[in-house]
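Notes follow the structure.
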Amino acid sequence: RLIRAGMPPRDLINLQVWSESSKSVKEGILLKQTSSFQRWKRRYFKLRGRTLYYAKDCKSLIFDEVDLSDASVAETSTKNINNSFTVITPFRKLMLCAESRKEMEDWIGALKSVQKWETYEASQFNMEHFSGMHNWYACSHARPTFCNVCRDALPGVTSHGLSCEVCKFKAHKRCAVRSTNNCKWTTLASIGNDIIEDEEGVSMPHQWLEGNLPVSAKCVVCDKTCGSVRRLQDWRCLWCKAIVHSSCKEQMGKVCPLGQCRVSIIPPTALNSIDSDGFWKATSASCSSPLLVLVNSKSGDNQGVKFLRKFKQLLNPAQVFDLMNGGPELGLRLFQKFVTFRILVCGGDGSVGWVLSELDKLNLHKQCQLGVLPLGTGNDLARVLGWGGLCDDDAQLLQILEKLERATTKMLDSLYLFVSQVHITQYADSVASHLAKILDSDKHSDVISSAKFLCGTVNDFVAEVGKAYERATENKEEADAMAKKCALLNEKLDSLVKALSEEAEAQVKHRLVIARSEESGGSSPGESGGESGSEGKTYRSKEQLMLRANSLKKALRQIIEQAEKVVDEQNRHTQVQRMSSSCSIKRENSEELKDGEDGDPSGTILNSLAIMLCHKPQCSEKCVMNNYFGIGLDAKISLEFNNKRDEHPKKCSSRTKNMMWYGVLGTKELVQKTYKNLEQRVQLECDGVPMSLPSLQGLAVLNIPSYAGGINFWGGTKEDNNFGAPSFDDKKLEVVAVFGSMQMAMSRVINLQHHRIAQCRQVKITILGEEGVPVQVDGEAWIQPPGIVKIIHKNRAQMLTRDRAFESTLKSWEDKRKIDSYRTTRPRLNSQQSMEYLTEEECTQVQQLGIVADMLINKIREAAKTHKLVEQELAHAVNATALVLTEAKLSSPEVRAGRGG
């Protein structure tokens, strides 16, 4: 039948292959770059066997196909902001783009798996799955570079080609498919037959890669220049970074010492098995405190991708993870069996809070220490811990790892944030208004926001009723009946949301018809009839919305009636008069509102939430706070920025743009003053003591002495007559008032102190009124409904802090050791021999120089007593100079004469 319809035989064969091939490995929507002006078009892709099919959509009958038998996959650029990748075959090149980096890596993993005829499982982590396979990305080079496959030079002035992000293996795009799987080792099995076994156990040999050496590279054996810009020659170890000539290679020791990062590296020989529960089983005593690196690839204008690759080059790739691809749980679970380990989080404050929350869930905060590499916008925690406010140079990672090994440990207070909604009646009015807005509003954005609010409210309501019902009944049949009714309620809610989406589509189509009629300059009778038909369709959709809402009300009423019976039974058993009277009042209200089923939906919502009043409201944990909490003005600015970033990600793609947006939103609040007189809408208690609030626009509760990108909002770091010195490990919180945007801007320049309110261990904030107030925790903002917010101490996390004074002292000690070693190795002359080389005039000048230098050193020491920074910077230089002067004095004629006398 298809042949009769005119389908070519080749397409019929494609269709037959499509139907008879095995189950698809992966499928989904990707953007494909077309040849016309490099435009991107959405296409549906499906991977089956060793063939990649794609068409306009999943319902198409004709699919184009790409044979992956001799294909390679590579990312398209170094930073790869667009999450694009290229499928390279001997006959064509296909450039694709995914919505997120995680989806891109899933597709790359699936395309790699079919080349080895392996089963791809996106959720399973197996380090040996792609062991030895290169991870390509397209890049250019500043100097002549050669292909490690064919040994020819890469083309063009910039030597454009493919590079492995782990081992820096270079290849032409046509040669990548023929490259050997000799990427950096990850586990004991990946080393293969090169393992060194002796009486002491198993050791790891050097892993050599030929050619493309850095400029001015020298051989570690003969100390002569290595490498060439004319050919591929000489060798480099991927682990210890040793560089040797081909002729000197045999003189190197067989066992690899792992280089400068050996303390942080997990050697592949230590990871020889995985337990049944998925944890690494380490067998080597050398990795007593390994380093787990968690990188947010989106942080720092996508600079995280560069850091991710650099860490894989310096360490074992098995210990480096992307937070945007599976979150921190995967890496933490793999390291859970280590007695002690360290974590380096590369990202902003949100990434650090995410990791700390997972540590608390897995109960690992006692066996690990956490350091921070600042890549975000604010980086307040990194500033407090001594790691600075910004790190955008991946060339400094080796020095950072060395500083991390010398870091000291301090405790960071983590706090619970509890919320409870006590003003249920006023809150119900707000819910009712949201439901009315869904049914009446013509604005698509208002309908969507109100629908989100309603969904969350009903879900919380069902969960609360379910908990109360479990506490009140022991009858399994009644419990099952209640569970079925709750499930039915969720189905009704889903039906309402589906009807809302259909309504939105109908409105969009209606607007398109109007726009086309306006462009044509008039409307024909057929067009006007079409418009009236679309209006009728929208009206019928409106009726369907009312039916869905009424059905939702019925489901709510059934749950309420069942729950009220249980509450009445509980009241009769407990004989609590107050609760019984409250429930009877709510039942009377329910009976009054029961008469008009198609009436105002607000009555139904009030009736739905009334049952929650029959029980004392309990606080539920909302999140964990590590840095600060804000309510009012600053939270509104943060919420608007988050919404702006979600709507237009490209406008908030860099740190500079983010700071500019914060400035614009803060300036707008200078005029609007949205939360003026916030003290009338909130009540504050510190350690159970009510606090009188001045006229303000917001409150900030600080756990660390850094706020909103480095502001010392407390106004000082020292103790005074009223308050102690702020610290992040004293189990205390600092509460300050936010008077306006101008005050927040001035705090960046001047240490203001007139806005201090209290210093306490527990904070309780009561939100009054009928409307919610924006709040934020560590930069994550939301609208908090009327109720109570409590902040209490939870536990403490071990943080790695940078002690610059200790680093300076250690550097001075190392310099002194170098001088001592130089003194012991160099040929020494005795006093008589050394004086033979100097005349009397020269000896006098040397002595005068020593006296002047000694006076200079004394002056520097006196100045250092008042300026600590001078002492830290010049300590090692002073010690070295003093040592030289001491030697000069000991060899002077006067000293020798005194000794002789």
Side-chain angles (χ1 to χ4, degrees), residues 33 35 47 50-52 65-80 84-96 104-105 107-118 129-186 190 192 194 207-214 217 226-238 243 246 249 305 309 312-313 317:
Q33 190 180 73
S35 57
L47 180 62
R50 282 196 168 187
T51 306
L52 179 65
E65 63 178 56
V66 180
D67 185 13
L68 301 177
S69 300
D70 294 322
S72 58
V73 189
E75 296 186 42
T76 55
S77 63
T78 304
K79 296 173 70 172
N80 201 7
S84 56
F85 60 99
T86 307
V87 180
I88 306 168
T89 68
F91 307 103
R92 65 184 303 183
K93 183 174 68 172
L94 201 66
M95 188 171 292
L96 308 174
M104 180 197 69
E105 292 184 352
W107 272 103
I108 292 176
L111 293 169
K112 282 185 176 182
S113 66
V114 299
Q115 296 175 10
K116 299 180 66 176
W117 292 106
E118 295 181 350
H129 187 73
F130 296 132
S131 182
M133 297 187 69
H134 297 286
N135 300 316
W136 302 110
Y137 71 97
C139 64
S140 301
H141 305 83
R143 61 194 300 262
T145 307
F146 299 87
C147 175
N148 286 98
V149 180
C150 67
R151 308 181 70 86
D152 292 336
L154 296 182
V157 179
T158 59
S159 299
H160 189 76
L162 300 183
S163 176
C164 178
E165 67 175 13
V166 178
C167 66
K168 289 190 172 183
F169 190 98
K170 309 294 182 180
H172 293 100
K173 292 181 180 180
R174 64 178 184 272
C175 298
V177 69
R178 296 187 287 111
S179 63
T180 56
N181 293 336
N182 59 348
C183 194
K184 202 170 184 180
W185 300 322
T186 53
S190 63
D194 296 330
Q207 186 176 6
W208 299 107
L209 181 65
E210 187 179 11
N212 297 318
L213 302 179
C226 280
S228 174
V229 295
R230 298 181 179 181
R231 66 184 68 88
L232 198 70
Q233 69 176 37
D234 300 331
W235 302 84
R236 170 176 57 90
C237 179
L238 299 179
I243 297 175
S246 299
K249 188 178 176 183
V305 177
R309 292 170 179 161
K312 289 181 179 179
Q313 295 168 14

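When a residue number appears, it is its place in the shown sequence, counting from 1.
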Are [X] and [Y] close enough that some pair of their side-chain heavy atoms sits under 4.5 Å apart?
X    : Y    : result
D194 : Q207 : no
I88  : V177 : no
H141 : N212 : no
N182 : H134 : yes
L209 : N148 : yes
F169 : V149 : yes
D234 : S246 : yes

For residues [X] and [Y], report the shortest heavy-atom separation together with the two atoms involved.
X    : Y    : value
R151 : F146 : O-CD2, 4.0 Å
C183 : V166 : SG-CB, 3.8 Å
S179 : W136 : OG-CZ2, 3.5 Å
T78  : C139 : OG1-CB, 4.0 Å
K93  : T86  : CG-CG2, 3.2 Å
C226 : I243 : CB-CG2, 3.7 Å

Under 3.5 Å: donor-acceptor pair, side chain of D152, backbone of C147: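 No: the side chain of D152 does not pair with the backbone of C147.
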Can you check whether A153's main-chain N or O pairs, donor with acceptor, with H172's side chain at less than 3.5 Å? yes
How far does [atom1] of [X] sit from [atom2] of [Y], to the nearest 0.5 angstrom?
X    : Y    : atom1 : atom2 : answer
N135 : S163 : CG    : OG    : 10.5 Å
E75  : N80  : CD    : CG    : 4.5 Å
L96  : W107 : CG    : CH2   : 8.5 Å

Around atom CZ of R143, are there more than 12 heavy atoms from other residues, nucleotides or ligands closer than 6.0 Å? yes
Scan for salt bridge (charged side-chain N to carboxylate O under 4.0 Å, His left out) pairs involving residues 154-175, sequence neighbours excluded, and state none if there are none.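 Every pair satisfying salt bridge (charged side-chain N to carboxylate O under 4.0 Å, His left out) with a residue in residues 154-175: E165-R309, E165-K312.
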